[in-house]
K.L.:
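Just dropping this structure here.
The structure presented is a predicted model; accordingly, all values stated were derived computationally and were not measured.
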Protein chains: 2
Amino acid sequence: MDQRQALGAFAALSQETRLQIVRLLVVAGPDGMAAGALAEKVEVSPSNISFHLKELEHSGLIAAQRQSRSIIYTANYEALGGLVRFLMEDCCSGHPEICAPAAEVAACCAPTAKENLQ
Amino acid sequence: MDQRQALGAFAALSQETRLQIVRLLVVAGPDGMAAGALAEKVEVSPSNISFHLKELEHSGLIAAQRQSRSIIYTANYEALGGLVRFLMEDCCSGHPEICAPAAEVAACCAPTAKENLQ
DNA sequence: TCAATACTTAAAGGATGATTGAAATATGGA
DNA sequence: TCCATATTTCAATCATCCTTTAAGTATTGA
């Protein structure tokens, strides 16, 4: 994740509907959610959700795949993790305070995190 | 950090000049940097940097304090940490993949992180 | 108190982003 | 093939954000 990508990701997340979408997809997991289901959950029109889904897809935070008549959207965990990493990147060069809350949250899934560390 | 604050923080970070400012201040540490020094580093006009500094301050990501003729800006580590935490909050409810990169970075300053965990 | 330094504020513009409704595309079943 | 479903695209409008220039405030030293 470079600065250009991070800027795009921050822009994508700076809109209420889009932030809600991402959070719903993170919770939904690998199964994802259809555009229509998302529209219902966040209570916006089909055309509006489509607009925001395009933006999120373009930013790389989510991915789309057609499944019959529906289009299923899923969170891109790699991109989200990359963004967290980007935000924390500089903190170790002298100021670990930023990392503390991250470490706190990361601790809850330490086993997996540890695995991915190797 | 609630959703309203996160939205503001993401909006603040979604602009190149502001993202640069925050990253400079994170590296600068508790000493911070004067508005003029920041303007020189990111190569924008005084009035322009002032505009962006106001936005960042309003979002809570940075703080200001006058010191003689200069105004010194510092990163708000608590807010930045809170944002990281917000981004990762849902990942543990089933999908720890997001936390992995965070844990990786957090590991480098583990001692401090551990202290703050209690 | 006057002038210089360091910033901020205000106003005006141009650019970008969001919302809406209507029309278009893709898929599956009768 | 025809219709219904699910979603996207397009065009128009409105709102918001960014940049610039000019004027204003605060602080220091002569």
Side-chain angles (χ1 to χ4, degrees), chain A residues 3-25 28 31-76, chain B residues 3-25 28 31-76:
Chain A
Q3 171 164 309
R4 204 195 97 266
Q5 291 178 297
L7 273 169
F10 286 133
L13 293 170
S14 71
Q15 206 281 337
E16 186 168 12
T17 301
R18 290 197 296 261
L19 185 56
Q20 283 183 280
I21 291 171
V22 168
R23 285 165 76 78
L24 283 170
L25 292 182
D31 290 346
M33 285 178 79
L38 286 165
E40 234 174 80
K41 266 275 187 192
V42 301
E43 294 178 301
V44 301
S45 71
S47 124
N48 188 260
I49 204 113
S50 185
F51 170 79
H52 289 303
L53 286 169
K54 261 271 153 332
E55 298 270 311
L56 284 169
E57 195 185 356
H58 187 254
S59 81
L61 291 175
I62 70 174
Q65 65 187 97
R66 181 176 283 275
Q67 192 171 315
S68 170
R69 267 187 283 212
S70 297
I71 293 179
I72 307 293
Y73 287 90
T74 49
N76 182 344
Chain B
Q3 173 165 307
R4 204 195 98 267
Q5 290 178 299
L7 272 170
F10 285 132
L13 293 171
S14 70
Q15 207 279 339
E16 185 168 12
T17 300
R18 291 198 293 263
L19 185 55
Q20 284 183 279
I21 291 171
V22 169
R23 285 167 74 79
L24 283 169
L25 292 182
D31 290 345
M33 285 179 77
L38 285 166
E40 231 175 81
K41 267 272 187 194
V42 301
E43 294 179 300
V44 299
S45 72
S47 124
N48 188 260
I49 203 115
S50 186
F51 169 79
H52 289 302
L53 286 168
K54 261 272 151 337
E55 297 270 311
L56 284 169
E57 195 185 357
H58 187 256
S59 81
L61 291 175
I62 70 173
Q65 65 187 100
R66 181 174 281 276
Q67 191 171 315
S68 171
R69 267 186 284 211
S70 298
I71 294 181
I72 307 294
Y73 287 89
T74 48
N76 181 345

K.L.:
Between I49(B) (CD1) and dT9(C) (C1'), how many Å, whole number?
P.N.:
16 Å
K.L.:
Within the supplied structure, the quantity of interest is the number of heavy atoms (other residues, nucleotides, ligands) at a distance under 6.0 Å from Q3(A) CD; does it exceed 12?
P.N.:
yes
K.L.:
Report yes if the side chains of L19(B) and L13(B) come closer than 4.5 Å at any heavy-atom pair, otherwise no.
P.N.:
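Yes. Closest side-chain heavy atoms under 4.5 Å.
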K.L.:
In whole angstroms, how far is the P atom of dC18(D) from the NE2 atom of H58(B)?
P.N.:
14 Å
K.L.:
Which nucleotide sits closest to the side chain of R66(A): dT20(D), dT7(D), dA26(C)?
P.N.:
dA26(C)
K.L.:
When you match S47(A) and R18(A) each to their closest nucleotide on DNA chain C, which lands nearer the 5' end?
P.N.:
R18(A)
K.L.:
Figure out the NE2/C1' separation between H52(B) and dT9(C), and round it to whole Å.
P.N.:
15 Å
K.L.:
Ignoring the backbone of S50(B), work out which of dT19(C), dT7(D), dT9(C) is nearest its side chain.
P.N.:
dT9(C)
K.L.:
So I21(A) and I49(A), do their side chains get closer than 4.5 Å, heavy atoms only?
P.N.:
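Result yes, sub-4.5 Å side-chain heavy-atom pair found.
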K.L.:
For dT8(D), does either OP1 or OP2 sit under 4.0 Å from a side-chain N or O belonging to K54(A)?
P.N.:
no
K.L.:
With respect to the side chain of R69(A), which nucleotide from dA18(C), dT8(D), dT27(C) is positioned closest?
P.N.:
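Comparing dA18(C), dT8(D), dT27(C) against the side chain of R69(A), the answer is dT27(C).
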K.L.:
Is there a side chain to side chain contact (heavy atoms under 4.5 Å, CB included) between Q15(B) and E55(B) once you walk through the steps?
P.N.:
CA-CA 11 Å; Q15(B) 207 279 339; E55(B) 297 270 311; over 6 Å; no
K.L.:
Let's see if you can work this out: which of dT19(D), dA6(D), dC7(C) has an atom nearest to the side-chain heavy atoms of S70(A)?
P.N.:
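Selected nucleotide (nearest to the side chain): dA6(D).
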K.L.:
F51(B) CZ to dA11(C) C1': how many Å, rounded?
P.N.:
13 Å
K.L.:
Hey, which sits more toward the 5' end of DNA chain C by its nearest nucleotide, S45(A) or L53(B)?
P.N.:
L53(B)
K.L.:
So, OP1 or OP2 of dA26(C): does either fall under 4.0 Å of a side-chain N or O from Q67(A)?
P.N.:
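So the side chain of Q67(A) is outside the cut-off, no N or O lying under 4.0 Å from OP1 or OP2 of dA26(C).
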K.L.:
Please assess N48(A) against H52(A) for the test side chain to side chain contact (heavy atoms under 4.5 Å, CB included), listing each intermediate value before the final yes or no.
P.N.:
CA-CA 6 Å; N48(A) 188 260; H52(A) 289 303; 3.3 Å; yes
K.L.:
Looking for any heavy atom pair under 4.0 Å, which part of the strands does S68(B) touch: base, sugar-phosphate only, or nothing?
P.N.:
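Sugar-phosphate contact only - S68(B) comes under 4.0 Å of backbone atoms but never of a base.
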K.L.:
So, OP1 or OP2 of dA6(C): does either fall under 4.0 Å of a side-chain N or O from Y73(B)?
P.N.:
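Indeed not, no polar side-chain atom of Y73(B) lies that close.
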K.L.:
Within the structure shown, what part of the strands sits under 4.0 Å from A34(A) by heavy-atom distance: base, sugar-phosphate, or nothing?
P.N.:
sugar-phosphate
K.L.:
Please give, in whole Å, the distance from dT8(C) C1' to L38(B) CG?
P.N.:
15 Å
K.L.:
Tell me: CD1 of I71(B) to P of dT28(D), nearest whole Å?
P.N.:
12 Å
K.L.:
For the pair made of CD in Q15(B) and C1' in dT16(C), what is the distance, rounded to whole Å?
P.N.:
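In whole Å, dT16(C) C1' and Q15(B) CD are 12 Å from each other.
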K.L.:
Distance check needed: dC18(D) C1' versus L56(B) CG, whole Å only.
P.N.:
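Nearest whole value for this atom pair: 14 Å.
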